[in-house]
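Hydrogens, waters and symmetry mates are skipped; everything else that's a heavy atom, side chains included, is used. It should be emphasised that the depicted structure is a prediction, and the values quoted were computed from it without experimental measurement.
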Amino acid sequence: DELSAAQIMYPCMQCADVFYLKADICQLGMDQRKVNMLAREYCDSVKPKIKNKPVILSHHMMPGLKQGQEKMSKSNPESAIFMEDSENEVKTKIKKAFCPPNEVSGNPCLEYVKYLVFGKYGKMEIVVDGTVKCYEIYDILEEDYVKGVIHPGDLKTALAKSINEMLKPVREHFETNEDAKQLLSQVKKYRVTK
């Protein structure tokens, strides 16, 4: 009685996507976990039963780059890093990102460092007082940030460099593979902005 029609229909439409796309594996953020589980439950309730339930991979939600954004948003391109962003776009977005000095809570730059940079490389190099310092343990980097040893500008520079390093093979693929180049061009035509 309390739900609007949209609140009832939207999860159903999301589940339908899983089956329409014939997805074996469905990878979405933790905020979509209930929809993914609804899709799996549907497999048992439909007649005949669907034997091969989609595998659900739920991942940590990355916050948007602006203050107070719980997650990245396609509708606000300045708040998200896209796979096809140029090196300069990444630098600009990270440079403008919310990164309060000495604060961990609500700091998207530290989230990106923890989950993306340390997740991929297990370390991060930051220029601190003119010297390159290699952090191999995230908690030590975080401690130094809270103490003010690491300046937000230095963290952002190192973060942009690391993200660009991650995206380099993707960029090269879309620049050199004709099918990928064509697909990217088609996808960009459908980009949603505010």
Side-chain angles (χ1 to χ4, degrees), residues 17-18 21-32 36 55-99 106-128 130-138 141-142 145 150-194:
D17 278 348
V18 172
L21 297 171
K22 297 180 175 116
D24 295 324
I25 299 173
C26 190
Q27 178 192 353
L28 294 168
M30 285 299 292
D31 63 329
Q32 302 298 315
N36 284 332
V55 174
I56 307 302
L57 297 175
S58 300
H59 56 81
H60 176 78
M61 293 298 301
M62 296 307 294
L65 295 170
K66 304 292 182 187
Q67 184 175 2
Q69 290 182 314
E70 289 184 22
K71 65 180 188 175
M72 285 189 197
S73 172
K74 296 182 291 207
S75 61
N76 183 353
E78 293 300 310
S79 76
I81 303 294
F82 297 104
M83 297 295 286
E84 72 274 7
D85 280 349
S86 70
E87 190 171 340
N88 283 335
E89 286 172 320
V90 170
K91 286 178 184 178
T92 300
K93 288 178 181 184
I94 297 295
K95 187 175 184 177
K96 292 179 180 179
F98 181 66
C99 189
N107 188 330
C109 291
L110 285 175
E111 286 261 330
Y112 286 41
V113 168
K114 182 176 184 177
Y115 291 101
L116 298 179
V117 179
F118 273 82
K120 177 149 178 77
Y121 301 115
K123 65 180 181 175
M124 184 175 197
E125 292 183 351
I126 302 177
V127 177
V128 178
T131 305
V132 176
K133 185 166 182 179
C134 183
Y135 289 91
E136 294 183 349
I137 299 171
Y138 172 78
L141 182 148
E142 187 179 280
Y145 187 80
I150 301 171
H151 184 275
D154 297 333
L155 180 74
K156 288 179 177 186
T157 299
L159 176 58
K161 181 180 178 186
S162 294
I163 290 175
N164 275 319
E165 197 173 303
M166 286 180 214
L167 293 178
K168 187 177 179 182
V170 176
R171 287 188 197 111
E172 288 173 358
H173 175 70
F174 283 106
E175 289 168 7
T176 59
N177 182 296
E178 286 305 316
D179 290 337
K181 196 183 295 188
Q182 187 177 4
L183 178 62
L184 179 60
S185 174
Q186 186 176 357
V187 168
K188 283 185 174 184
K189 290 177 189 173
Y190 299 110
R191 175 147 306 153
V192 177
T193 59
K194 279 189 173 181

For the pair E178 and K181, evaluate salt bridge (Lys or Arg N to Asp or Glu O under 4.0 Å) and give the outcome as yes or no after the intermediate values. CA-CA 5 Å; E178 286 305 316; K181 196 183 295 188; 3.3 Å; yes

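Residues I81 and L167 meet the side-chain proximity criterion, which asks for heavy atoms closer than 4.5 Å. Contact check for H60 versus Y115: side-chain heavy atoms found under the 4.5 Å cut-off. Side-chain contact between E70 and M61 is absent, with no heavy-atom pair separated by less than 4.5 Å. Between V113 and Y145 the shortest side-chain heavy-atom distance does not fall below 4.5 Å. Using a 4.5 Å heavy-atom threshold, the side chains of L28 and L57 count as separate. P108 is not listed as a side-chain neighbour of L110, based on a closest heavy-atom distance of 4.5 Å or more. With a 4.5 Å cut-off on side-chain heavy atoms, I137 and F118 do not count as touching. Between Y135 and V128, the closest side-chain pair of non-hydrogen atoms falls below 4.5 Å.
Between V90 and A160, the shortest heavy-atom distance links the atoms CG1-O, 4.0 Å. Scanning both residues, D85 and A80, for their nearest heavy atoms gives OD2-O, 3.9 Å. Across all non-hydrogen atoms, the minimal contact from S162 to M124 is OG-CE, 4.2 Å. Nearest approach of P169 to M166, heavy atoms of both residues: CD-O, 3.3 Å.
Between the CD1 atom in I25 and the CD atom in Q27 there is a gap of 9.0 Å [rounded to 0.5 Å]. The distance from atom CG of L184 to atom CD of E175, rounded to the nearest 0.5 Å, is 10.0 Å. For the atom pair CG (L116) and CD1 (I163), the distance works out to 6.0 Å, reported to the nearest 0.5 Å. Separating the CD atom in E136 from the CG atom in L141 is a distance of 12.0 Å, to the nearest 0.5 Å. Interatomic distance, K156 NZ to I150 CD1, rounded to the nearest 0.5 Å: 14.0 Å. Note that SG of C99 is 10.5 Å distant from CG of L65, once rounded to the nearest 0.5 Å.
Of the possible polar contacts, none joining the K66 side chain to the F98 backbone as a donor-acceptor pair under 3.5 Å is found. In this structure, the side chain of K133 does not engage the main chain of I126 through any donor-acceptor pair within 3.5 Å. Judged purely by atom type and a 3.5 angstrom limit, K93 uses its side chain to pair as donor or acceptor with the backbone of P77. Remark: side-chain polar atoms of N177 are not paired, donor with acceptor, to backbone N or O of F174 under 3.5 angstrom.
In the displayed structure, L183 atom CG is contacted under 6.0 Å by more than 12 heavy atoms of other residues, nucleotides or ligands. No more than 12 heavy atoms of other residues, nucleotides or ligands sit less than 6.0 Å from atom NZ of K123. No more than 12 heavy atoms of other residues, nucleotides or ligands lie within 6.0 Å of CD in Q182, so this atom counts as exposed by the packing criterion.
Among E89, K91, R171, the one residue that satisfies the side-chain hydrogen bond (donor to acceptor under 3.5 Å, both in side chains) test with N164 is R171. The only member of D154, V132, T157 that meets side chain to side chain contact (heavy atoms under 4.5 Å, CB included) when paired with V127 is V132.
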